[in-house]
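Written below as C-alpha cells is the structure these notes are about.
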Amino acid sequence: AAAAMVKETIRVYARVKPLGRRQQAGSYSVDNEEPLPSLEITVPRDLADGFINNKRESYKFKFQKIFDQEAKQEVIFDNIAKPVAECVLAGYNGTIFAYGQTGSGKTFTITGGAERYSDRGIIPRTLSYIFDQLQKDSSKVYTTHVSYLEIYNECGYDLLDPRHEASRMEDLPKVTIMEDSDQNIHLKNLSLQQATNEEEALNLLFLGDTNRMIAETPMNQASSRSHCIFTIHISSKEPGSATIRRSKLHLVDLAGSERVAKTGIGGHLLTEAKYINLSLHYLEQVIIALAEKNRSHIPYRNSMMTSVLRDSLGGNCMTTMIAMLAVDKRNIDESISTCRFAQRVALIKNEAVLNEEIDPRLMIVQLKKEIQDLKDELALVTGKQRTSELSQEELLQLDELIETFLKDNDPDGSLDVGADMRKIKYCFIHMKQIINHPMTPDKKLLSQDISEEKNSNEELEKLKGLLQQRDNEINILVTMLKKEKKKARDALSRLNATSADSTVLEQSPSMSLEESRSPSRCFSLKEAKVFSSSVPRLSFLPRATGGKMSLGCQEAFEVFKRDHADSITIEDNKQLLKQRFDEAKCLGEKLNEVRNKINHLKGKIIQRQIQRAALAVSNPSEEVTFDPVEENLRMQIEEEKKSYKTVYSHFKGLKVEIEHLQLLMEKVKMKLQKDFEVWWSEEAKKFQQEKPEMATSPNTVTVYPQFIRSSQHLSPNSFPDNSRDSPYEDPAVKNISVTSGNPTLKTRTPPNSSTSIPLTGDSQADADILAFIKARQNILQKKGKPCQ
Ligand code: ADP
Ligand code: MG
C-alpha cells in the first residue's frame, strides 16, 4: 500500500492576466528557467515607502511555472489541469483552486470566457478530457457525478438544486456541514447529479452558472464575494471485483482576495491589510498553521470553505493553486499580496492516498464462491462428498473406536478418527456422556484401521481452517451489510422528510406571494426563450410560467436588445454557429456518401463471389484461387473506411463546439434578459419617484414587480391599441404616438373616463397602468432618437 500514497507539496502556478487597452503596465519580469521559475516585481521606491512600508523595491517569487499574458487556455489546461485530472482518474483526490483579486481572471481560468469557444476554461476542458479517457478504458466500470456548491457569507447553496427553478436561492435549504465519528466531512443538502457523458456534465455546469447569475443582483455582486466549488466525483470498479475506487476533483473559483488597507498612525497605509472576505482570512490562517512545523491544531473549522477544502489543504489530496495576477500599476500591490500568499501555500505537504473500499455485497458473493471451491477441493482430496450429518454406519463405527480406545491399556494408544471435524466433535460429545453417565457398553468393538496419509491430513486441516475463516468473514460482512442498509434507510427517510418540506412550501400561499414579488420572477427563463432562437437543450430548465410579457414590455425589450453591447456577441456567435451548422451538415452529407460507397462496394464483392461460385460449379476443374478483383474492392472499402473515420472525428469535434456555442449564447441572452429586468424596474422606480402621490396608496408596497405582472393582464378592451396579435401591423398602435418632449399622453380616450387614460378606479391597478404607459413612452422616445 506504500505505493498507493503520494506525498507532495501543493503545486503553485502563476498566471498573468493580459493588460487592458487603457491599462499601464507595472514593472515585472518572468523567468521560466530551471531550477525554479521566478517572477520579479519591481515597485518604485516612493510606492514602496508608502504602500509596502519597507525599503525593498524588488520582490522575487518562485513558482512551479509562470504563464504570462499571452498564455492560451489550452496551454493552461495541458500544464495545470491535465496532470491533476490524470491523478483523479487513477483514484486520487485532486483540487485546483484559483486565488486572486476580483477581475484577475479566476472565473475566466476556471470556467472560461463567455464569448469564444476557444476561451473555455478548466472545467469544460477537464470534463471533456475525463469522459474521453473513461470511454477509452473498457477494463473498468465508471460512474460519474457532479456537484456545484456556492458559499456566500458562510452559507452554502446547491447551484444544481432543481428547485432553483421555482424558488429563490435564499429560500432553498442551506447546504450544511456534518462531521461523522471518523471526522469525515459530509455536505447535507448538496445534490450529486449523475452525468453519464460530457454533454450531460456540461449542461449541469451551465445550469449551475445560470442559477448563480440569476441569484446575483447589481447590489449583490455575489461572484466576487462567493466561493464556487465544482466537483467531479468518479467511482470505478473492475468487473467482478469487490474493490471500489472513489475520487473527487474540486475545481474552485475563490472569492476575490482584495484587501482593505489598514491605515496606520498619520494616515500611513500599512503592509498588514485586511481581507474583505473573512473566509479568505481563515484560509490564510489554515495555511499559516500548516506551513508551521509541529502545529497540531489546524483551524479548519473556522469557516465553511476551509472545512469543505480540508482534505485539499494538508490532507488526502493532490492540490494545485493558480495565483491570478493583474500587473497593471494600480493592481500591482494586490498582486504582490497574492504572490506572498502563494509562497506560503507552496510549503504545504499533502499525502494523497488511493481511495479504495470494499463493497460487502460483492465480497459475500466472492467468499461464497470460494467456499464452494474449497468444499469441492475437500471432496476431491477425501474422495467423499461431505454432507453435514454423519451416517448411521459412521456413527456405529465411531462408537466402537471410542470403546476400543477407552479399554486400551497401552498408554501410547490413540483415538484416531481422521481429519473430520464432525467425527472429532462426535467423539468428544460421546466421551463426555460416558463420563457423566457411566454405563456398561454391551456393544462389541470393531477396530478399524484408519490410515489416511499424513500430508493429506494436513491439507484437510488447512482447508477446514480456511472454511472456518470464511464463515467468520461472512458473518462480519453480513453485519456490515445490515449497517449499510440501515444507513440507506436513514438517508431515504431524511430524503422523504426534505421533500415533504418542499411540498409544504409550495402549497403555502404566503410563499407564492413572495415569489410573485421577486423581481427575478418577472421574466422566467421560459419566457426568455420566446425571444431567443429556441435551443432544445434548454428544456431541462423548466421554470414555472407566468404568461407572456406584455406587448409594451416586449417592444421595450426589442429596443433594449438592439442597443445592448452583448447583442454584438450574440450576432457574432450566431454567424459562427450558422457556419458550424453548415459545416456539420456538409460533413453529415459526406458521411452518408462514404457510407453509400462502402455499401455499394460490398454489393459488388458479393456479386463477384456469386459469379465465381457459379463459375466453379460449371467448371469444377478450375481451382479456386485468389481473386485480384475482389481484393481490389476490399482495399477500396478499407480506404473508404479510413476516410469515414477522419470525417467522423471531425464531425464529432464540430458537435462539441456547436453545443458549447449554443450554451454560450444562451448565457449571454440570459444576461441580457437580466439587464433588461434591472433597467425596466429602474424606469418604473423613477416614475414612482416622479409621482409620489401614487405611492401613498396603502396597497403599493413595491410597485415594480406587480406593475410588470399586472400589465400583462390589461384587457384588450381597456387598451385597444395593444392588440396582442400583431402590434406592429396594427395601425392603431401609431395612435398612441407621443409628441416627443411633451409628457402629455395622447391615447384614444374611452368615453367613460374623464382623464385621457382609461383608469379603473382601483388605485393599485391605476398606478400600474400609469407606470406602464410612462415606461412605454420613454421607450418610444428612445426608439425615435436615432431617426431624428
Ligand atoms: P475574476 O473571476 O477573478 O473576478 P474574471 O475571470 O471575471 O475575473 O476576469 C475579468 C475580466 O477579464 C473578464 O472579462 C475576463 O473575460 C477577462 N479576462 C481574464 N483573464 C483573461 C485572459 N487570460 N484573457 C482574456 N481575457 C481575460
Ligand atoms: Mg469571478
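Atoms considered below: every heavy atom in the structure, side chains included; atoms not considered: hydrogens, waters and symmetry mates. When a ligand or atom number is given, it counts from 1 through the structure's own listing order. One is the number of the first residue; the rest follow in order along the sequence.
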Quiz item: Do ligand 1 and Ala71 have nitrogen or oxygen atoms that lie under 3.5 Å from each other?
Solution: no
Quiz item: For residues Ser147 and His233, is any side-chain donor paired with an opposing acceptor at under 3.5 Å?
Solution: yes
Quiz prompt | Polar proximity ligand 1 side, Gly113 side, N/O cut 3.5 Å exclusive | solution = no
Quiz prompt | Min heavy-atom dist Arg15 to ligand 1 below 4.0 Å | solution = yes
Self-check item: Whether Phe63 and Phe61 hold their rings parallel, tilted or perpendicular, with breakpoints at 30° and 60°
Solution: tilted
Quiz item: Does Lys17 have a heavy atom less than 4.0 Å from any atom of ligand 1?
Solution: yes
Quiz item: Does the shortest distance from the Mg ion (ligand 2) to an N/O/S atom of Thr107 fall below 2.8 Å?
Solution: yes
Practice problem: Answer yes or no: is there an ion pair linking Glu150 with Arg212, defined by an N-O contact shorter than 4.0 Å? | Solution: yes
Quiz prompt | Aromatic centroids of Phe230 and Tyr148 separated by under 6.0 Å | solution = yes
Quiz item: Closer than 4.0 angstrom: is that true for some heavy atom of Gly103 and an atom of ligand 1?
Solution: yes
Exercise. May I ask you to decide if the ring planes of Phe341 and Tyr99 are parallel, tilted or perpendicular, using 30° and 60° as cut-offs?
Key: parallel
Quiz item: Below 3.5 angstrom, do we get any N/O pair linking Ser104 and ligand 1?
Solution: yes
Quiz item: Which of the atoms of ligand 1 are close to Thr102, meaning less than 4.0 Å from one of its heavy atoms?
Solution: 4 (O)
Self-check item: Closest approach of Arg125 to Gln73 (non-hydrogen atoms, all atoms of both residues)
Solution: NH2-CB, 3.6 Å
Quiz item: Is there a nitrogen or oxygen of Thr107 sitting under 3.5 Å from a nitrogen or oxygen of ligand 1?
Solution: yes
Practice problem: Compute the ring centroids of Tyr152 and Tyr157, then answer whether they are less than 6.0 Å apart. | Solution: no
Exercise. Evaluate the side-chain proximity of Thr338 to Ser257: yes if any heavy-atom separation is below 4.5 Å, no if none is.
Key: yes
Quiz item: Heavy atom of Pro18 under 4.0 Å from ligand 1?
Solution: yes
Self-check item: Gln101: numbered ligand 1 atoms lying under 4.0 Å from its heavy atoms
Solution: 3 (O)
